[in-house]
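The structure appears below as structure tokens.
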Amino acid sequence: MNEPFYICGPTASGKSSLALEYALTLDGEIVNADAFQLYRGLEIVSAAPSADERARVPHHLYGVLEPTESADAQLYVKLAKPVIAEIQSRGKTPIITGGSGLYLKFLTHGAAPLPTGDATLRAEMDAKSLEELVAGLQELDPVEASRTALQNRRFVSRALEICILSGRKASDLRDQWESQTTAISSQLRGIVIQRSRPDLHTRIALRTVSMLENGALEEVNALSGVSSNCGKAIGFREIRSLIAGDLDRATCEELINAATRQYAKRQETWFRREKWLVPYPTEADNFNP
RNA sequence: GGGUAGAUGCCCGAGUGGCUAAAGGGGGCAGACUGUAAAUCUGCUAGCGAAAGCUUACGUUGGUUCGAAUCCAUCUCUACCCA
């Protein structure tokens, strides 16, 4: 039947327009897999598809969360699953496109049976030193501690959080899930867009300029209360500083470019590990959407 | 024209005789990563080499010294000040 088709790749690689092409030829509908395009009121900064594009093919899961809400991978799957099923029930092909590797991974491979993060507990842990957190994890789950990058506060606190909330060992819970991943991969179909670094960097720079010229300042200005999660969007902070007069335009632009390039690099690293994704263009095809 | 300060690796910047291929930061490259992920974290970053090592490096040229990014002279450039 209409198995989903995945279009992945780094930011600014041309996923949205390629998704549109695929949707038109495969009789499909597009489903967002981008953590920040989920938010309403962040369309310009997150480079969400334009109204024109959205008018040509049905687009789902764009602008479905308030900026005050906090997205996470689990919530994303909860939102995406029914939408995908609904598209399939109408005989259409879901074209899932986006660059949020973790969100995609949850969608394709499922979530490990781990507890959801708890805001109160996180606040408590944030007040502690890294050493204290490491000591806590080593006590509750030495196996997990030995597998975790202990310099990475985020990883240590999540592991500790799992132990505390579940009353079990994070290492045990994680092992349960890891056993079935390879079987799932063989069933999936999708592509990852490849572009040379110079090409990608040029596209990023062009996009930043057009973003700033086409309403990004007004957009950021209009966002009042923003969840800490939503506020992490690349460009949000920088544009805030620009508006406040703490940054000049050129510096703001360069900071956004650098952060975007670094993000794109991390995305490439992530998708490289997803062996089921077929590189696109496959050979030396011309690729200039 | 006179004076003062300065010129360091892709960029910023520390270093004021040997422990300096040169701190630190940025950028770049590579990697990790199942509920904050546009996050968080790790490694590498003059050239050649698997390595030992060799070569080229702190504006220019020359000098002092066993030894110079560091001291002296010269020239070039930059900034500011006085004319």
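First the proteins, then the strands, lettered A, B, ... as listed; each starts at 1. The figures here come from the full heavy-atom set of this structure, side chains too, leaving out hydrogens, waters and symmetry mates. Everything numeric in this text was worked out from a predicted model, so none of it was measured.
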Are there any protein N/O atoms within less than 3.5 Å of an N/O atom in nucleotides 25-28 of chain B, and if so, which ones and at what distance?
| residue | atom | partner | partner atom | Å |
| --- | --- | --- | --- | --- |
| B:G27 | OP1 | A:Gln262 | NE2 | 3.1 |
| B:G27 | O3' | A:Arg261 | NH1 | 3.2 |
| B:G28 | OP1 | A:Arg261 | NH1 | 2.4 |
| B:G28 | OP2 | A:Gln262 | NE2 | 2.9 |

task = Any pair with a residue in residues 134-144 of chain A that passes salt bridge (charged side-chain N to carboxylate O under 4.0 Å, His left out), sequence neighbours left out, goes on the list, sorted by first then second residue, please.
result = A:Glu144-A:Arg147, A:Glu144-A:Arg174

Could you work out the separation of [N] and [M] based on their [atom1] atoms and round it to a whole Å?
N     : M     : atom1 : value
B:A7  : B:A52 : C1'   : 37 Å
B:A23 : B:A69 : P     : 14 Å
B:C12 : B:A51 : C1'   : 34 Å
B:C44 : B:C58 : P     : 25 Å
B:G25 : B:G59 : P     : 23 Å
B:U42 : B:U56 : P     : 37 Å
B:A73 : B:G24 : P     : 33 Å

Find out whether [X] and [Y] are in side-chain contact, i.e. whether some heavy atom of one side chain is under 4.5 Å from a heavy atom of the other.
X        : Y        : result
A:Pro4   : A:Gln88  : yes
A:Arg197 : A:Glu268 : yes
A:His59  : A:Asn32  : no
A:Leu18  : A:Tyr280 : yes
A:Arg56  : A:Leu20  : yes
A:Arg158 : A:Thr148 : no

key: Syn or anti for B:G35 (syn when the glycosidic angle lies within 90° of 0)   = syn

Provide, to the nearest angstrom, the distance between the [atom1] atom belonging to [X] and the [atom2] atom belonging to [N].
X        : N     : atom1 : atom2 : answer
A:Leu38  : B:G35 : CG    : P     : 18 Å
A:His109 : B:G35 : NE2   : P     : 16 Å
A:Trp270 : B:A30 : CH2   : C1'   : 17 Å
A:Leu150 : B:A32 : CG    : C1'   : 13 Å
A:Lys232 : B:G35 : NZ    : C1'   : 12 Å
A:Phe271 : B:A30 : CZ    : C1'   : 18 Å
A:Asn32  : B:A37 : CG    : P     : 13 Å
A:Lys105 : B:G35 : NZ    : P     : 13 Å

Between [X] and [N], is there a contact of a side-chain N or O with OP1 or OP2 at under 4.0 Å?
X        : N     : value
A:Asn229 : B:A37 : yes
A:Ser100 : B:A38 : yes
A:Thr269 : B:G31 : yes

Every protein N/O lying under 3.5 Å from an N/O of nucleotides 41-46 of chain B:
| residue | atom | partner | partner atom | Å |
| --- | --- | --- | --- | --- |
| B:C41 | O4' | A:Asn152 | ND2 | 3.0 |

query = Starting at the 5' end of RNA chain B, what dot-bracket string do you get if Watson-Crick and G-U pairs under 3.5 Å are bracketed, crossing pairs use [ ], other-strand pairs use | and unpaired bases use dots?
reply = ((((((((.[[[..)..(.....]]]((((((.......))))))(((....)))...[.[[[..)....]]].]))))))).

ask   = Among the nucleotides B:A38, B:G35, B:G31, which one has an atom lying closest to any side-chain atom of A:Asp34?
value = B:A38

Side chain of A:Phe36 (C-beta onward), nearest among B:A39, B:A37, B:A38 = B:A38

query = Is a side-chain N or O of A:Glu253 found less than 3.5 angstrom from the main chain of A:Thr208, in a donor-acceptor match?
reply = no

Touch check for [X], heavy atoms < 4.0 angstrom, all strands: base, sugar-phosphate only, or nothing?
X        : value
A:Arg147 : nothing
A:Ser46  : base
A:Val156 : nothing

query = 5'-most contact on RNA chain B: A:Ala112 or A:Tyr263, nearest heavy atom basis?
reply = A:Ala112

request  = For A:Gly235 and for A:Glu268, find the nucleotide of RNA chain B with the closest heavy atom, then tell me which residue's nucleotide is more 5'.
outcome  = A:Glu268

message = Run A:Ile239 and A:Leu212 through side-chain contact (heavy atoms from CB on, under 4.5 Å) and show every step you take.
response = CA-CA 9 Å; A:Ile239 292 172; A:Leu212 290 171; 4.0 Å; yes

query = Parallel, tilted or perpendicular for A:Phe5 and A:Tyr22, by the 30°/60° rule?
reply = parallel

query = Apart from A:Leu114 itself, what residues make up its hydrophobic cluster when side-chain heavy atoms of I, L, V, M, F, W and Y under 4.5 Å apart count as a link, directly or indirectly?
reply = A:Ile162, A:Leu173

inquiry  = Under 4.0 Å, heavy atom to any atom of RNA chain B: which of residues 62-87 of chain A qualify?
reply    = A:Ala71, A:Asp72, A:Gln74

I'd like to know if the side chain of [X] pairs up with that of [Y] as donor and acceptor (distance under 3.5 Å, no hydrogens or angles considered).
X        : Y       : value
A:Glu29  : A:His60 : yes
A:Glu53  : A:Ser16 : no
A:Arg207 : A:Thr11 : yes

request  = Using the ring pair (Phe, Tyr, Trp, His ring centres under 6.0 Å) rule, pick out the option among A:Phe36, A:Tyr76, A:Tyr6 that qualifies with A:Tyr103.
outcome  = A:Tyr76

message = I'd like to know if A:Leu200 and A:Ile234 are part of one continuous hydrophobic network [Ile/Leu/Val/Met/Phe/Trp/Tyr, side-chain heavy atoms within less than 4.5 Å].
response = no

